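Please read the structure below before turning to the comments.
All values reported here derive from a predicted model rather than from experimental measurement. All residue numbers in this chain count up from 1 along the given sequence.
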Amino acid sequence: QVQLVESGGGLVQAGGSLRLTCVASGRTFGSNLMGWFRQAPGQERKFVARISSSGRNTYYTDSVKGRFTISRDNAKNTVYLQMNSLAPEDTAVYYCVARSSVFIRGTMTEVDDYDYWGQGTQVTVSS
């Protein structure tokens, strides 16, 4: 019932910034837990960040702490990922995700923890 559409990817130089946007549509009933994953070529899809329904609680994978900021605007059904100090290791397809259940389990950092996925947006960081 929920559709997620990412945008904002592109090519940037190391040290640069980029902001990804995810717009949710469909029968969302407001907002539940949402987040971002990424997948580099030849690698598994990995957790990047998540944000609670209220937006007050966030969590990041260690490699992006201090550089990335996840936020949301529930009035616009939108989640953002502000990425600063980008490095080549950040190059990947970034996916917006959402969870259908209001309940949480574990660390909520696994692919199977989320039910809805966007189509992905490419982020490429050059040295």
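Judged by distance alone, the side chain of Thr109 and the main-chain N or O of Thr107 form no donor-acceptor pair under 3.5 Å. The closest donor-acceptor contact from the side chain of Arg99 to the backbone of Asn32 lies at 3.5 Å or more, if one exists at all. Side-chain atoms of Glu6 come within 3.5 Å of backbone N or O of Gln119 as a donor-acceptor pair. Proximity of a side-chain donor or acceptor of Thr121 to a complementary backbone N or O of Ser7 within less than 3.5 Å is not detected. At least one donor-acceptor pair closer than 3.5 Å links the side chain of Tyr114 to the backbone N or O of Met108. Distance alone, capped at 3.5 Å, places no donor-acceptor pair between the Gln82 side chain and the Thr69 backbone.
Atoms CE and CG, on Met83 and Leu20 in that order, are 3.5 Å from each other to the nearest 0.5 Å. A distance of 13.0 Å separates CG in Leu4 from OH in Tyr95, rounded to the nearest 0.5 Å. Of the inter-residue distances, the one linking Asp115 atom CG with Ser101 atom OG reads 8.0 Å to the nearest 0.5 angstrom. Here the CZ atom belonging to Phe47 is positioned 9.5 Å from the OH atom belonging to Tyr60, to the nearest 0.5 angstrom. Here Cys96 contributes atom SG and Gln3 contributes atom CD; the two are 12.0 Å apart, rounded to the nearest 0.5 Å. Between the CZ atom of Arg38 and the CZ atom of Arg45 there is a distance of 13.5 Å, given to the nearest 0.5 Å.
Hydrophobic cluster membership differs between Ile70 and Val23, with clusters built from Ile, Leu, Val, Met, Phe, Trp and Tyr side chains linked at under 4.5 angstrom. Cluster annotation: Val12 and Val48 are assigned to the same hydrophobic cluster (Ile/Leu/Val/Met/Phe/Trp/Tyr, side-chain heavy-atom contacts under 4.5 Å, transitive). Residues Val111 and Tyr116 do not share a hydrophobic cluster, defined by chaining ILVMFWY side chains whose heavy atoms lie under 4.5 Å apart. No continuous path of hydrophobic side-chain contacts links Tyr80 to Val2 [ILVMFWY only; heavy atoms under 4.5 Å]. Each of Val93 and Leu86 belongs to its own hydrophobic cluster when Ile, Leu, Val, Met, Phe, Trp and Tyr are linked at side-chain heavy-atom distances under 4.5 angstrom.
The shortest non-hydrogen separation linking Pro88 to Ala14 is CD-CB, 4.2 Å. Heavy-atom minimum distance, Val97 versus Trp36: CG2-N, 4.0 Å. In terms of heavy atoms, Met34 sits closest to Ala98 at CG-CB, 3.9 Å. A pairwise comparison of heavy atoms in Asn84 and Ser17 identifies OD1-OG, 2.9 Å as the closest pair. The nearest pair of heavy atoms linking Gly8 to Leu18 is O-CG, 3.4 Å.
Looking at heavy atoms from C-beta onward, Thr61 lies out of side-chain contact with Phe68 at the 4.5 angstrom threshold.
Between Arg67 and Asp90 there is a salt bridge, with a side-chain nitrogen of the basic residue lying less than 4.0 Å from a carboxylate oxygen of the acidic one.
Counting non-hydrogen atoms of other residues, nucleotides and ligands closer than 6.0 Å to CD1 of Ile104 gives a total of 12 or fewer.
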